[in-house]
S.K.: 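Please find one structure pasted underneath; my questions will follow.
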Amino acid sequence: MTSLGIGLIGTGYMGKCHALAWNAVAAVFGDVERPRLAVLAEASQELAERKARELGFARATGDWRSLVTDPAVDVVSITTPNAFHPEMAIAALEAGKHVWCEKPMATKLADAERMLAAARASAKVAALGYNYIQNPIIRLIQRLLDEGQIGTVNHVRLEMDEDFMADPEQLFYWKSEATSGHGALDDFGVHALSLIWVLFGGVRRVCGHMAKPYADRPVKDGGRRAVETYDIATTLIELDNGASGVIALNRSAWGRKGRIFMQLFGSKGSIVYDQERMNEVQLYTADGPPESQGYRTILASPHHAPYDKFIPAPGHGLGFNDLKIVECRELIRRIEGERAHLIAFEDGIRIERTVDAIARSAHDGAWVDVTAGG
Ligand SMILES: NC(=O)c1ccc[n+]([C@@H]2O[C@H](COP(=O)([O-])OP(=O)(O)OC[C@H]3O[C@@H](n4cnc5c(N)ncnc54)[C@H](O)[C@@H]3O)[C@@H](O)[C@H]2O)c1
């Protein structure tokens with residue numbers, strides 16, 4: 001396959017993460033053509049030029065529309081704030097480009113459905129940034145479940161907590177604006193649901209509650225502005241496979257830095273995982289003499305593909321940005337027409353429909369069925 005031409009829109013937290021992945025994917029995996037870092041777009045020409053130099057892109061533009069139609073671009077990485085995703089992804093797909101769009105797919109279900117329609121019409125690859133599912137330890141958990149090591153899973157508990165919005169005096173920014181979506185649900189809930197999706201499949205019905213820990217936040221030029229999003233969301237869920245579950249999300253949780261705490265309880269054991277300790281998993285199997293039963297820790301190692309592509313030594317650990325490199329390799333696999341471990345718009349829409357159902361449930365104070373859609 002000839003080398004892919006890359007267009008990157010946005011260079012903040014996730015933009016840098018995508019750029020590192022595009023820079024590293026050929027070196028790490030050794031089995032793909034090195035992508036051509038063709039064009040980078042930012043909010044201004046000046047910023048775009050500075051970032052293009054730093055991140056290794058050949059050209060820079062302050063106009064993302066020119067990037068998505070640029071003949072040198074085959075794949076568009078969209079790493080801008082949530083509200084931009086539908087417009088940018090649809091424009092890129094209509095221009096015949098593959099898309100790698102950060103989560104959430106959109107802030108409104110109707111927009112996500114339009115994105116799905118554009119992906120179907122284009123027949124291009126349209127993938128979402130759900131990097132946590134790429135952790136070799138999550139793939140190990142998948143294997144342990146498939147092997148029946150903990151029997152039939154009957155209860156799933158997922159907590160995602162960070163404290164980047166815990167300070168009530170932190171300045172108001174785009175994540176507190178309604179244009180960014182519901183709040184913790186789009187920010188964190190979609191990640192939790194991505195893990196549920198790859199491990200168990202869909203969610204059948206939900207009963208949600210959303211809360212605002214702070215009514216307003218200071219604005220840069222003085223005064224305060226009312227917070228429009230919900231930093232906390234708690235949801236009871238029932239999975240398609242009948243298991244019960246809880247998803248608890250809080251982006252104002254002092255002390256929690258990158259917590260995705262997952263407990264899976266089955267008929268023969270349980271599994272515990274925490275993203276803050278992303279290179280290990282705890283496995284409990286109810287066998288052997290009771291006096292020696294207990295959780296055992298399995299550390300990530302070259303036995304857990306694709307850890308071996310990064311490091312030959314066990315227990316040395318991958319990091320957050322490495323998951324994006326793995327996701328990038330999976331995206332290239334899908335573009336090459338191979339099976340890939342990836343959440344594309346076709347599956348991502350189920351996550352969006354679940355988020356929408358949770359928000360409606362929280363509003364109505366009642367259980368809501370997640371629609372299967374078309
Ligand atoms: N997958 C993950 O683990 C993960 C983690 C964090 C954020 N995200 C997602 O990534 C997206 C971006 O979040 P972030 O934290 O990187 O935000 P950020 O604020 O750090 O970066 C956004 C970037 O977009 C640029 N931008 C804004 N308007 C633009 C325009 N019109 N044209 C070009 N560039 C423009 C900004 O200048 C900035 O560089 C969000 O959708 C967020 O949900 C995903």
Side-chain angles (χ1 to χ4, degrees), residues 1-12 14-19 21-22 25 35-45 47-48 51-52 55 57-131 179-181 186 190 324 327-337 340 342-349 351-352:
M1 185 185 192
T2 54
S3 146
L4 291 167
I6 310 306
L8 172 70
I9 315 181
T11 61
M14 271 301 113
K16 183 166 185 174
C17 190
H18 278 232
W22 286 120
V25 67
R36 285 176 292 106
L37 307 188
V39 191
L40 178 152
E42 250 299 346
S44 72
Q45 183 69 31
L47 181 56
K51 289 294 173 183
L55 301 172
F57 281 75
R59 284 186 281 123
T61 175
D63 170 19
W64 66 266
R65 287 185 184 280
S66 71
L67 179 150
V68 300
T69 53
D70 194 304
V73 171
D74 301 305
V75 188
V76 180
S77 270
I78 300 172
T79 71
T80 43
N82 305 350
F84 290 104
H85 297 179
E87 193 184 8
M88 291 177 171
I90 291 170
L93 289 163
E94 285 178 352
K97 313 296 184 183
H98 302 293
V99 163
W100 186 14
C101 180
E102 267 313 315
K103 48 59 60 177
M105 201 166 158
T107 61
K108 294 191 191 76
L109 180 57
D111 286 338
E113 301 281 4
R114 287 196 302 118
M115 292 165 79
L116 175 63
R120 283 178 176 166
S122 76
K124 291 287 168 183
V125 174
L128 291 159
Y130 282 121
N131 26 281
T179 52
S180 74
D186 318 72
V190 293
K324 221 36 159 186
E327 189 172 69
C328 188
R329 179 67 190 95
E330 293 297 323
L331 173 65
I332 295 171
R333 221 183 281 290
R334 180 69 61 88
I335 289 171
E336 289 173 343
L342 202 64
I343 297 184
F345 286 12
E346 284 288 342
D347 294 331
I349 198 72
I351 293 174
E352 299 298 319

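The basis for the numbers below is simple: all heavy atoms, side chains too, and nothing from hydrogens, waters or symmetry mates. Positions are given from 1, in the same order as the sequence printed here.
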S.K.: Quick check against the 3.5 Å criterion: does Arg333 have a side-chain atom that pairs as donor or acceptor with the backbone of Ala340?
M.R.: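 A pair under 3.5 Å: no.
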S.K.: Leu93 versus Phe345: any side-chain heavy-atom pair under 4.5 Å?
M.R.: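 Side-chain contact under 4.5 Å: yes.
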S.K.: So among Leu128, Ile351, Val190, which one has a side chain to side chain contact (heavy atoms under 4.5 Å, CB included) with Pro104?
M.R.: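 Exactly one option meets the side chain to side chain contact (heavy atoms under 4.5 Å, CB included) with Pro104, and it is Val190.
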S.K.: How close do Asp186 and Gly181 get, counting heavy atoms only, and between which atoms?
M.R.: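 The answer is OD1-C, 3.5 Å.
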S.K.: In chain order, what residues pass the ring pair (Phe, Tyr, Trp, His ring centres under 6.0 Å) check against Trp22, with sequence neighbours excluded?
M.R.: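 Applying ring pair (Phe, Tyr, Trp, His ring centres under 6.0 Å) to Trp22 gives Trp100.
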S.K.: Locate the shortest heavy-atom distance separating Val68 from Lys97; write the atom from each residue and the value.
M.R.: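 Heavy atoms only, the tightest pair is O-CE, 3.0 Å.
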S.K.: What distance do Leu37 atom CG and His18 atom NE2 have between them, rounded to the nearest 0.5 Å?
M.R.: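 Nearest 0.5 Å value for the CG-NE2 distance: 13.5 Å.
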S.K.: Are the side chains of Asp74 and Ile335 in touch, meaning some heavy atoms are under 4.5 Å apart?
M.R.: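 With C-beta onward as the side chain, the pair stays apart.
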S.K.: With rounding to the nearest 0.5 Å, note down the distance linking NZ in Lys103 to CE in Met14.
M.R.: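 Between atom NZ of Lys103 and atom CE of Met14 there are 8.0 Å.
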S.K.: I need the minimum non-hydrogen distance between Ala83 and Thr107, along with the two atoms involved.
M.R.: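 Reported closest heavy-atom pair: N-CG2, 4.3 Å.
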S.K.: Between Leu331 and Leu342, is a side-chain contact (heavy atoms from CB on, under 4.5 Å) present by the stated rule, with each step listed?
M.R.: CA-CA 7 Å; Leu331 173 65; Leu342 202 64; 4.2 Å; yes
S.K.: For the pair His98 (side chain) and Val125 (backbone), establish whether a donor and an acceptor sit closer than 3.5 Å, ignoring hydrogens and angles.
M.R.: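 Flag set: sc His98 to bb Val125 pair under 3.5 Å.
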S.K.: Roughly how far, to the nearest 0.5 Å, is CZ of Phe57 from CZ of Arg36?
M.R.: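 Those atoms lie 11.5 Å apart.
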S.K.: Measure the shortest side-chain to side-chain distance between Glu102 and His85 over non-hydrogen atoms and say whether it is less than 4.5 angstrom.
M.R.: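 Yes, at least one pair of side-chain atoms sits under 4.5 Å.
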S.K.: Quick one, Gln45 with Thr61, criterion side-chain contact (heavy atoms from CB on, under 4.5 Å). Give me CA distance, side-chain angles, the key distance, then yes/no.
M.R.: CA-CA 5 Å; Gln45 183 69 31; Thr61 175; 4.3 Å; yes
S.K.: From Lys324 NZ over to Asn131 CG, what is the distance, rounded to the nearest 0.5 angstrom?
M.R.: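 With rounding to 0.5 Å, NZ (Lys324) is 3.5 Å from CG (Asn131).
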S.K.: Return the minimal non-hydrogen interatomic distance between Ala92 and Val76, and the atom names on each side.
M.R.: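 Closest pair (atom of Ala92, atom of Val76, distance): CB-CG2, 3.9 Å.
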S.K.: Distance from Asp111 atom CG to Asn82 atom CG, nearest 0.5 Å?
M.R.: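 Answer rounded to 0.5 Å: 11.5 Å.
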S.K.: Output yes when a side-chain donor or acceptor of Thr79 lies under 3.5 Å from a complementary backbone atom of Ile9, and no otherwise.
M.R.: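 Yes, the answer is positive, given that a donor and an acceptor are paired below the 3.5 Å cut-off.
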S.K.: Glu327 side chain to Tyr130 main-chain N or O, any donor-acceptor pair under 3.5 Å?
M.R.: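 Yes, because the side chain of Glu327 sits within donor-acceptor range (under 3.5 Å) of the backbone of Tyr130.
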S.K.: Which heavy atom of Ala72 sits nearest a heavy atom of Ala38, and at what distance?
M.R.: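 That closest heavy-atom pairing would be O-CB, 3.8 Å.
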S.K.: Using side-chain heavy atoms (C-beta onward) and a distance below 4.5 Å, is Met115 in contact with Val99?
M.R.: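 When only atoms from C-beta onward are counted, Val99 and Met115 do not touch, as no gap falls below 4.5 Å.
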S.K.: How long is the gap from CD on Glu42 to OG1 on Thr80, to the nearest 0.5 Å?
M.R.: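 Those atoms lie 9.0 Å apart.
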S.K.: To check you understand the geometry: which heavy-atom pair defines the closest contact between Ala60 and Ala52, and what is its length?
M.R.: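 Nearest heavy atoms, Ala60 then Ala52: CB-CB, 3.9 Å.
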S.K.: Taking the side chain as every heavy atom from C-beta outward, state whether Lys51 and Lys16 have any pair of such atoms under 4.5 Å apart.
M.R.: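 A side-chain contact is absent here, since even the closest heavy-atom pair is not under 4.5 Å.
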S.K.: Does this structure show an ion pair linking Glu87 with Arg65, if we count only N-O contacts that are shorter than 4.0 Å?
M.R.: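 Arg65 and Glu87: salt-bridged.
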